[in-house]
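Please read the structure below before turning to the comments.
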Amino acid sequence: MADSSGGVSGKGLITHVIFDMDGLLLDTEKYYTEVQEIILARYNKPFDWSLKAKMMGKKAIEAARVFVEETGISDSLTAEDFLVEREAMLQKLFPNSELMPGASRLIRHLHAKGIPICLATGSHRRHFELKTQQHGELFSLMHHVVLGDDPEVKQGKPSPDIFLAAAKRFEGGPVDPHKIVVFEDAPSGVQAAKNAGMSAVMVPDPRLDSSYHDAADQILSSLLDFNPSDWGLPPFELTAS
Ligand SMILES: O=P(O)(O)OC[C@@H](O)CO
Ligand SMILES: [Mg+2]
């Protein structure tokens with residue numbers, strides 16, 4: 001739980017960092033929302049952030065089941081058919097994926113300072129490739145990448161599987177979870193980090209109700225507001241004025 005100052009109380013030194021991708025490093029959640037609104041409009045159903053909050057961060061089929069069941073359309077559209085229908089639209093949108101503010105600076109800073117960093121995303125390989133095709137050099141700075149369709153990831157977030165798999169694959173792994181901070185945007189992702197025994201910095205979409213923030217150790221409105229010293233990580237260089 002973040003302390004009142006929004007800083008971090010009582011955290012030991014962090015030595016490794018795990019990044020979520022969708023909504024945290026890449027501005028891609030809007031594409032999922034756009035496609036889901038188009039599909040729901042056919043059933044005259046509204047798409048709202050309480051449904052979004054339950055879907056984001058999950059593996060595709062898990063998010064699809066939530067979508068068709070929570071909206072009450074599962075008799076007309078199966079989770080599998082939903083995934084097929086949205087695929088064509090997403091394949092057009094994902095190559096335009098842009099970085100979230102502060103993402104590049106933080107990744108490059110930690111890499112330059114020799115802090116081991118990796119990626120752990122519910123996105124499966126095909127979507128990962130589409131979303132990162134404009135950002136290959138930046139994502140190559142990750143020590144490793146764990147994807148939603150990785151055989152070790154039996155269950156998606158909020159299960160800890162993906163973050164435990166990520167901790168194992170660092171040099172000299174598995175890394176003690178208490179020495180890992182996870183950056184996430186989704187309630188399911190923050191919960192997965194806590195379930196893995198790790199710390200979680202949440203950068204939530206401002207439209208997400210603040211009641212979903214409770215499990216995070218620190219809440220930021222943007223990665224630009226992250227202060228590495230809060231976590232014992234090397235501070236940003238002061239840019240020459
Ligand atoms: O990269 P993450 O946030 O795990 O998301 C994957 C996908 O489920 C989008 O919500
Ligand atoms: Mg995310």
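From a predicted model like this one, the values you see are computed outputs, not experimental measurements. Atoms within each ligand, like the ligands themselves, are counted from 1 in listed order.
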### Message
Does only the side chain of T121 get under 4.0 Å from ligand 1, or the backbone, or both, or neither? Count heavy atoms.
### Response
both

## Note on the structure
So the atoms of ligand 1 within less than 4.0 Å of a heavy atom of M56 turn out to be 10 (O)

### Query
Can you list the ligand 1 atoms lying under 4.0 Å from a non-hydrogen atom of M21?
1 (O)

### Query
If you count the atoms of ligand 1 from 1 in the order shown, which ones are under 4.0 Å from a heavy atom of S123?
6 (C)

### Message
Among all protein heavy atoms in this structure, tell me which lies nearest to atom 3 (O) of ligand 1, with the distance rounded to 0.1 Å.
### Response
D20 OD1, 2.5 Å

### Task
Using non-hydrogen atoms of the residue, decide whether G23 is closer than 4.0 angstrom to ligand 1.
no

### Query
Strictly by modelled atom types, are E87 and H127 linked by a side-chain donor-acceptor pair under 3.5 Å?
yes

### Message
Under a 4.0 angstrom heavy-atom cut-off, which atoms of ligand 1 come close to G122?
### Response
1 (O), 2 (P), 4 (O), 6 (C)

### Task
Answer yes if the side chains of S222 and D225 hold a donor-acceptor pair under 3.5 Å, and no otherwise.
no

### Query
Can an N, O or S atom be found in D20 less than 2.8 Å away from the Mg ion (ligand 2)?
yes

### Task
Run the contact test for G57 against ligand 1 with a 4.0 Å cut-off on heavy atoms, strictly below, and give the result.
yes

### Message
At under 4.0 Å between heavy atoms, is it the side chain or the backbone of E29 that contacts ligand 1, or both, or neither?
### Response
side chain

### Task
Assess E29: does it contribute an N, O or S atom lying under 2.8 Å from the Mg ion (ligand 2)?
no

### Query
Checking D22 side chain against E29 main chain: does a donor-acceptor pair fall under 3.5 Å?
no

### Message
So, 4.0 Å and heavy atoms of K157: is ligand 1 close enough to count as a contact?
### Response
yes

### Message
ring-ring contact (aromatic ring centres under 6.0 Å, His included) for F94 and Y32? Distances and angles first, verdict last.
### Response
CA-CA 10 Å; F94 284 159; Y32 288 102; 5.4 Å; yes

#### Entry: Heavy atom of the protein closest to atom 6 (C) of ligand 1 (residue, atom name, distance)
D22 OD2, 3.2 Å

### Summary
For K58, the ligand 1 atoms with a heavy-atom partner under 4.0 Å come out as 7 (C), 8 (O)

### Summary
Of all the N, O or S atoms in D185, the one nearest to the Mg ion (ligand 2) is OD1

### Message
Is it the case that the side chain of D20 and the backbone of L119 share a donor-acceptor pair, with hydrogens and angles ignored and the cut-off at 3.5 Å?
### Response
no

